Amino acid sequence: MRTEDVLAAIATGLWRWDNASGTVTLDSEAARLLGLPAEPVDLPEVAVRSRFHPVDWNEINGIVNLAVAEGTLAEARLRIMDEDGRVLRTVRSRSKPLENRTADGRLDYELIGTLQEIAEAQPGTTAVHTPITGDWRRSREAFLLDAGRALAEARSTAEVLRVAASLSMPGFIPDGLAVFGVAGSRLSIIGHHGHDPGDESPFADMPVDTDYPAAEVVRTGRAIYLPSPEDYKRRFPATWPLAQRFGRISWAFLPLVVAGRTMGAWMAAFKHPVSFSPDERSVLTTVARMLAQALQRAGIAESERELTTGLQRSMMPQLGPEIPGMAIAARYVPTGGGLQVGGDWYDMIPLPSGRFALVIGDVQGHDVRAAGLMGQLRIAVRAYASEGHRPDAVLSRASRFLAGLCSSQEQEGDSKEDPDFQSPRFATCLYVECDPQTGQLEVARAGHPDPAIRMTDGTVLMRPTAGGLPLGIVPDTDYPTTRFTLEPGETMMLCTDGLIETGGHDLDTGWARLRAILESETHDTQSLEPRHLERMADLLVQAVHGPSSHHTTGPLADRREDDIAVVLLCREGAGCGCDTSLLHPGRPARRTMLTVAQAEPERVSGVRRQIRELLHDWADAEQVDSAVLMVSEMVTNVLVHTDGDALLMAEAVGELGARRLRIEVADASDELPHKRHPGEMASSGRGVLLLEMLADDWGVDPRGEGKSTWFELHERSEPDQLS
C-alpha cells in the first residue's frame with residue numbers, strides 16, 4: 001500500500017509551501033480539507049491563505065518563524081473558512097521548515113507537512129480546550145505589552161534584571177532566572193533571581209565549549225527546551241549534578257540576540273512541569289528578544305555614563321590648595337540631554353607672582369566637540385597664565401589659539417559629511433587675577449556675563465567690567481582690563497549664562513532671580529559657619545534646577561537646557577560667614593567703584609542701574625531718584641567736557657534710616673565747574689543747579705592732575721519706619 005493511500009485512509013493530507021515562489025502544492029486530501037475539489041493542485045499562496053481564519057493565520061505565521069529560528073517542527077490548529085466566511089472544520093498542521101537559497105542568493109524556506117482534521121469539543125462537554133484560545137491570546141498580548149514597556153523603561157543592567165525577575169508569564173511562571181553574558185571565550189552570570197547567594201559560583205565563569213545548556217545556546221544561537229529532568233540528564237549528563245540540587249522540573253535556555261549577534265543566554269527554570277508548546281515557546285522567545293535589546297540599551301547607556309563621567313572628571317579641575325584669607329567654592333552641572341558633559345568650565349590657576357587666577361568660560365554647544373574644544377582651551381589658558389602673562393594677554397592668546405584650532409579642523413575635515421562638527425566655534429571667558437593679600441582684582445572679559453559682588457551687608461551688585469569679543473571670532477583682539485578691590489567680607493560670583501537664562505529667563509529676569517537668592521543668604525553673627533560658600537553654591541543651583549525654580553518668572557521649561565558653571569570667591573572679613581575672628585559691631589559700609597570710558601558713553605545707563613541697586617533699601621525713594629539724576633549728570637559732563645574717563649566712587653555708611661551717601665566722580669581735567677544760567681531751550685549747563693537743589697552737601701576737590709566732584713545725601717527716615 002502506498003503512503004498516500006495510508007494518509008488518505010486516516011484523513012491526513014500532504015502540503016508543500018514554497019515561500020520563495022509563493023506557491024502551495026496540495027494532494028487531494030489536503031485540498032479537500034481546505035474546502036477545495038479533492039484533487040492534487042498547485043495554488044498561489046494568497047488562494048490558500050484566504051481559506052484560513054485571519055486570527056489563526058497570524059498564529060501560524062509566528063509559529064513558523066519560531067520553528068525556523070529554533071529548527072523545530074511548526075504545530076498549529078487552523079480553522080478552515082468557506083467563501084462566505086463560515087467555519088467548515090478545524091485542522092491540525094504539523095510541518096518542517098527547510099531552508100533553501102533562491103536564484104539571487106537570498107535565504108528563504110519552504111514548509112513540508114501534513115493537515116489532519118480534528119473534532120471540536122461540543123458545548124457542555126468536559127473536553128480539554130487547546131491553549132490557543134481567545135482568552136489566552138489576550139492575556140499573552142497584555143503580558144508582552146507590559147513586559148515590553150517595563151523593559152524599555154529600565155535604564156541600567158540591574159533594573160533590567162529586576163524587571164525580568166518580576167515578569168509573570170500567562171499560565172507558567174518561572175521559579176528561577178539567570179542571564180549569562182559572553183566575554184571572549186568565557187561565559188559568566190550577569191544576574192540571577194530565585195537562587196541563594198553563592199549558588200551562582202559554579203556557573204560564574206566557564207568556557208563557552210562547556211557541556212552546559214547556556215553554553216550550547218551561545219555556540220549555536222538556538223534555544224534549548226528541557227521539559228523534564230530526564231531530558232536534562234540525557235542531553236547534558238556532565239552538568240546535570242550542578243542543576244539537580246535546585247529541585248527544578250523544566251528549563252528553557254534561550255539566546256539573547258541583537259542585530260544577528262548572540263550576546264548571551266537567558267535561563268527560565270520551573271518547579272512545575274512545562275511542555276513548552278509552540279505558544280509557550282513563542283512567548284519565551286519574544287521575552288528573550290526584548291530582554292536582549294533592553295540589556296544592550298542599558299549596557300550602552302552605562303558605558304556612555306562611565307565615559308562622560310570620566311571625561312567630566314578629567315576635564316573639570318579640582319580647586320587648588322586653601323588660600324589664606326580667601327574661601328572658594330565651585331559647581332559644574334552638565335545639561336541633561338545626551339552626554340553629561342559640555343562646553344562650560346572653570347579653573348583656579350596659581351601664578352608665578354604668588355597671586356592666583358580664576359577662570360570661567362563657555363564653549364559654544366553641548367556636544368562632544370564642545371567638550372573637546374573646552375578641554376584644549378582650558379589647557380591653553382592655564383599654560384598662558386602660568387607663563388606670567390597679564391589677563392588681557394592671556395585672553396588675546398587664547399582667542400588666537402581657538403581661532404587657529406577651529407580653522408585647522410575646518411581645513412582638514414570634510415564639511416560635507418558633518419558640517420556642524422567642522423563649523424567654527426567661539427567661547428566666552430572671564431579671567432580674574434587676584435591678590436589674596438590686598439583683595440585687588442584685575443578682570444579681563446571676552447563676551448562673558450559680568451561678575452556679581454555680594455557686599456558685607458548682603459547687598460548684591462552686578463559689577464560692570466570692560467570687555468571684548470568672545471574668543472575665536474577675531475584672532476587678534478584686545479581685551480581691556482578692569483581693576484577693583486574685593487573688600488573684606490565681600491563675595492564675588494562668576495557664572496556662565498546657563499545659571500542665568502535657564503527656565504525661559506532672559507538676562508534681566510534671570511539675574512533678578514539669582515540676586516534674590518544671594519541677598520536672602522544671611523549669616524548669623526553669633527554662629528559662624530566656615531562652609532557657608534558651599535551652601536550658597538548649592539542654593540544657586542537649586543534655584544535653577546530645584547522645585548523653587550518652577551515658581552519664578554519663566555515657563556516651566558526643561559531645568560537642564562544648558563550647562564552651568566559657577567565659582568564663588570569670598571574675602572574673609574566681618575559679616576562674610578567664613579571668618580573666624582570677632583565681627584565688628586557696627587553696620588559695614590557699602591561701596592562700589594567703576595570707570596566709564598570716553599569710548600563707552602552707553603555705560604552711563606549701567607551707572608544709573610548700579611546706584612539704584614546700591615540704594616535698593618534706601619528709605620526715601622525720591623532721594624534715590626535725585627542721586628541717580630545727579631550721578632548721570634556728573635558722569636555725562638565728564639564725557640562731554642573733558643578728554644578723559646570718569647571714575648565713579650559711591651559709599652553708603654551708617655545704620656538703617658540714618659545713613660550717609662557720598663558719591664564722587666573724578667576726571668583728569670583741571671577746569672572747575674561753575675554756575676551757569678541756561679536758557680529755556682538750552683541742552684546743558686544745569687549740573688551745578690541740580691547739585692545745589694538736590695544734594696544735602698556738595699563740592700569740588702582738586703586732586704593733582706584733575707578734580708573730584710562730590711555730593712552727599714542723608715537718609716531722611718527713622719529705622720522703625722522702614723518696611
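All values derive from a computational prediction rather than experimental measurement.
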Is there a donor-acceptor pair under 3.5 Å between the side chain of [X] and the backbone N or O of [Y]?
X: Ser250; Y: Pro227; answer: yes
X: Ser156; Y: Glu159; answer: yes
X: Arg51; Y: Leu33; answer: no

Determine whether Ile564 and Tyr332 satisfy the following criterion, side-chain contact (heavy atoms from CB on, under 4.5 Å), listing intermediate values before the conclusion. CA-CA 6 Å; Ile564 289 176; Tyr332 172 69; over 6 Å; no

Rounding to 0.5 Å, atoms CZ (Arg77) and OG1 (Thr90) come to a distance of 6.0 Å

Does [X], at its [atom1] atom, have more than 12 non-hydrogen atoms belonging to other residues, nucleotides or ligands within less than 6.0 Å?
X: Arg235; atom1: CZ; answer: yes
X: Arg89; atom1: CZ; answer: yes
X: Arg297; atom1: CZ; answer: yes

Is the ring pair [X]/[Y] parallel, tilted or perpendicular, if the boundaries are 30 and 60 degrees?
X: Trp240; Y: Trp251; value: perpendicular
X: Phe276; Y: Tyr225; value: tilted
X: Tyr212; Y: Phe253; value: perpendicular

Yes or no on side-chain contact (heavy atoms from CB on, under 4.5 Å) for Leu34 and Val48, after CA distance, side-chain angles and deciding distance? CA-CA 8 Å; Leu34 293 181; Val48 177; 4.0 Å; yes

Intermediate values then yes/no, side-chain contact (heavy atoms from CB on, under 4.5 Å), Leu111 and Asn19: CA-CA 8 Å; Leu111 294 174; Asn19 192 62; over 6 Å; no

Does [X] pair with [Y] as a salt bridge, N-O distance under 4.0 Å?
X: Lys233; Y: Glu230; result: no
X: Asp538; Y: Arg535; result: no
X: Glu110; Y: Arg16; result: yes

For a salt bridge (Lys or Arg N to Asp or Glu O under 4.0 Å) with Glu75, tell me which candidate from Arg281, Lys96, Arg94 qualifies. Arg94

Please determine whether side-chain contact (heavy atoms from CB on, under 4.5 Å) holds for the pair Leu36 and Leu43, giving the CA-CA distance in whole Å, both sets of side-chain angles, and the decisive distance to 0.1 Å. CA-CA 11 Å; Leu36 301 172; Leu43 296 174; 3.3 Å; yes

Counting C-beta onward and ignoring hydrogens, is there a side-chain heavy-atom pair between Trp345 and Val363 closer than 4.5 Å? yes

State, to 0.1 Å, how close Leu151 and Ala294 come at their nearest heavy-atom pair, and which atoms those are. O-CB, 3.7 Å

